[in-house]
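Notes to accompany the following structure.
Hydrogens, waters and symmetry mates play no part in the numbers below; they use all other heavy atoms, side chains included. Values in this document were obtained by computation on a predicted structure and should not be read as measured data. Protein chains get the first letters and strands the later ones, always in sequence-line order, with residue 1 at the start of each.
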There are 2 protein chains.
Amino acid sequence: MDQKVDTRSRILNIAEAAVLEKGFEATSIEEIVAGAEISRGGFFYHFKDKNALARAMLERYIDAENALYDDLFARARELNDDPLHCMLIGLKLLAEMLEEMPTGHPGCVIASTAYQDRLFDEGVRDLNRQAILGWRKRFRGMFEEIAQVYEPREAVNMDALGDMVSGVVEGGLVLQRALREHNNASEQIMLFRTYLKLLFADKK
Amino acid sequence: MDQKVDTRSRILNIAEAAVLEKGFEATSIEEIVAGAEISRGGFFYHFKDKNALARAMLERYIDAENALYDDLFARARELNDDPLHCMLIGLKLLAEMLEEMPTGHPGCVIASTAYQDRLFDEGVRDLNRQAILGWRKRFRGMFEEIAQVYEPREAVNMDALGDMVSGVVEGGLVLQRALREHNNASEQIMLFRTYLKLLFADKK
DNA sequence: ATCCCGACTGTACTGCGGGTCCAGTTGACC
DNA sequence: GGTCAACTGGACCCGCAGTACAGTCGGGAT
């Protein structure tokens with residue numbers, strides 16, 4: 001029986017679904033404990049307050065996102081060894097993934113927490129920061145690899161270009177949420193992809 | 001004496017500053033009335049609830065943003081009549097503007113509300129939607145003008161390209177908030193600008 | 001068999017913030 | 001002198017976060 005998912009994870013699952021759907025503040029502990037079929041006391045046994053819950057959720061989410069990127073670009077690398085084409089394939093896969101999510105993408109917890117800021121303690125904010133810095137590093141590395149093979153047509157700040165991956169995804173998700181459309185994020189990624197094609201058109 | 005700013009506007013000013021700094025939920029009516037030096041009753045005389053306040057704030061914000069874009073691209077047009085260069089100059093001005101805001105940019109209320117969604121009623125959400133659709137239309141129009149003079153090197157969805165302006169700004173602001181850096185949004189805009197330069201490099 | 005402990009349940013209570021109701025004041029204009 | 005809009009002030013309800021703690025229950029370790 002997999003009903004033996006431990007309570008802590010069950011809380012996190014319920015909470016994550018609720019938070020992604022309607023935001024952190026709008027999710028009450030009451031409804032989380034109802035969904036997880038535990039008592040309020042049980043909740044506070046696992047998390048000392050809502051902030052601790054937020055931190056745990058963020059950690060899980062960031063780990064999952066990182067694993068996803070690892071997997072995505074590993075698969076892309078198998079398909080093509082050239083760093084540019086690997087990036088292009090990876091972004092295509094990412095765009096497809098975002099499009100295939102039927103409910104629309106859950107929506108990035110990062111942006112959500114970034115805009116509710118003062119609700120959270122320093123620990124949560126720092127997690128957020130570190131996640132984005134991690135992605136910056138990851139993508140900057142990939143772009144530098146590309147730049148060793150392809151001469152960029154225009155000079156670009158590699159840190160900023162690395163950030164642009166996160167930024168385009170985040171921005172796309174904001175649009176998607178606000179517009180109630182379903183493929184804005186994937187379209188934005190595809191546009192970013194053509195940017196890269198134009199930028200790194202010429203082999204050295 | 002300009003202290004005769006009417007109470008309603010005073011409430012909106014105080015509220016906007018507080019909301020941009022720490023988010024809507026984290027801003028209590030208590031502190032708004034304290035800041036505006038009125039009573040709680042006075043607040044509810046002007047706004048029937050927090051939702052009404054949100055709607056009024058969004059309306060003001062969107063109007064201001066639209067006026068800003070009008071002004072920015074009008075100035076750009078004066079400097080250069082070519083639609084591409086006008087766009088490029090406008091984006092540069094926008095980037096500079098974002099950079100010059102000492103506290104970092106207030107941060108777009110749009111994203112903030114998009115991610116808190118269920119806190120707000122349909123009216124607020126619709127305002128949000130209409131604003132983004134407005135910007136889509138605005139920028140798509142400008143890009144179509146450009147495409148009449150310049151042959152895009154790659155086929156792009158013009159709606160999506162229009163959205164990309166909003167998306168890049170929103171995304172940049174998310175990064176900026178989360179990272180506590182100050183020029184991410186302007187850097188992202190500058191990168192988007194080089195994208196446009198590459199995309200519309202060849203005159204027809 | 002017992003005891004201990006981790007994982008809870010249940011209840012009672014505090015405090016804050018949103019929101020309602022309403023009676024009363026104040027100043028401007030007619 | 002009366003009317004009205006723009007408030008003040010206070011009493012009150014509710015939901016929700018968070019605290020506190022006493023008690024339960026099942027599964028090892030001894």
Could you list the protein-to-nucleotides 3-5 of chain D atom pairs, N/O on both sides, closer than 3.5 Å?
none

TODO: Measure distances between side-chain N and O atoms of Arg40(B) and base N and O atoms of dG19(C), and say whether any donor-acceptor pair falls under 3.5 Å.
DONE: yes
Specify the separation, in whole Å, of atom [atom1] of [X] and atom [atom2] of [N].
X         : N       : atom1 : atom2 : answer
Lys48(B)  : dT20(C) : NZ    : P     : 8 Å
Ile11(B)  : dA6(D)  : CD1   : P     : 12 Å
Lys50(A)  : dG15(C) : NZ    : P     : 21 Å
Asn51(A)  : dG18(D) : CG    : P     : 8 Å
Phe43(B)  : dA6(D)  : CZ    : P     : 16 Å
Phe47(A)  : dC8(C)  : CZ    : C1'   : 14 Å
Phe44(A)  : dC16(D) : CZ    : C1'   : 9 Å
Leu119(A) : dC16(C) : CG    : P     : 17 Å

Open item on the list: Quick check: on DNA chain C, is the nucleotide nearest Glu25(B) upstream (toward 5') of the one nearest Ser39(A), or the reverse? Name the residue that is more 5'.
Closed with: Ser39(A)
Tell me whether [X] is salt-bridged to [Y], with the criterion being a basic N under 4.0 Å from an acidic carboxylate O.
X         : Y         : result
Arg125(A) : Glu122(A) : yes
Glu31(A)  : Lys22(A)  : yes
Arg77(A)  : Glu145(A) : yes
Glu181(B) : Arg136(A) : yes

TODO: Output yes when at least one side-chain N/O atom of Thr7(A) is less than 4.0 Å from OP1 or OP2 of dA7(C), else no.
DONE: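 Looking at the OP1 and OP2 atoms of dA7(C), neither is under 4.0 Å from any side-chain N or O of Thr7(A).
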Task: Residue-phosphate contact under 4.0 Å: His46(B) side-chain N/O, dC7(D) OP1/OP2 - done: yes
Review item, side-chain donor-acceptor pairs of residues 84-98 of chain A, under 3.5 Å, at least two apart:
unit_1	atom_1	unit_2	atom_2	d
His85(A)	ND1	Asp82(A)	OD1	3.1
Lys92(A)	NZ	Glu96(A)	OE2	3.3

Task: Nucleotide of dG18(D), dC16(D), dG18(C) approaching Ile29(A) most closely (side-chain heavy atoms) - done: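 Taking heavy atoms from C-beta onward, the closest nucleotide is dG18(D).
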- [ ] Look at the side chain of Arg129(A) and the backbone N and O of Ala178(B), then say whether any donor-acceptor pair between them is shorter than 3.5 Å.
- [x]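 No, because the side chain of Arg129(A) does not come within donor-acceptor range (under 3.5 Å) of the backbone of Ala178(B).
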Task: Whether Arg10(B) side chain and Ala36(B) backbone form a donor-acceptor pair below 3.5 Å - done: yes
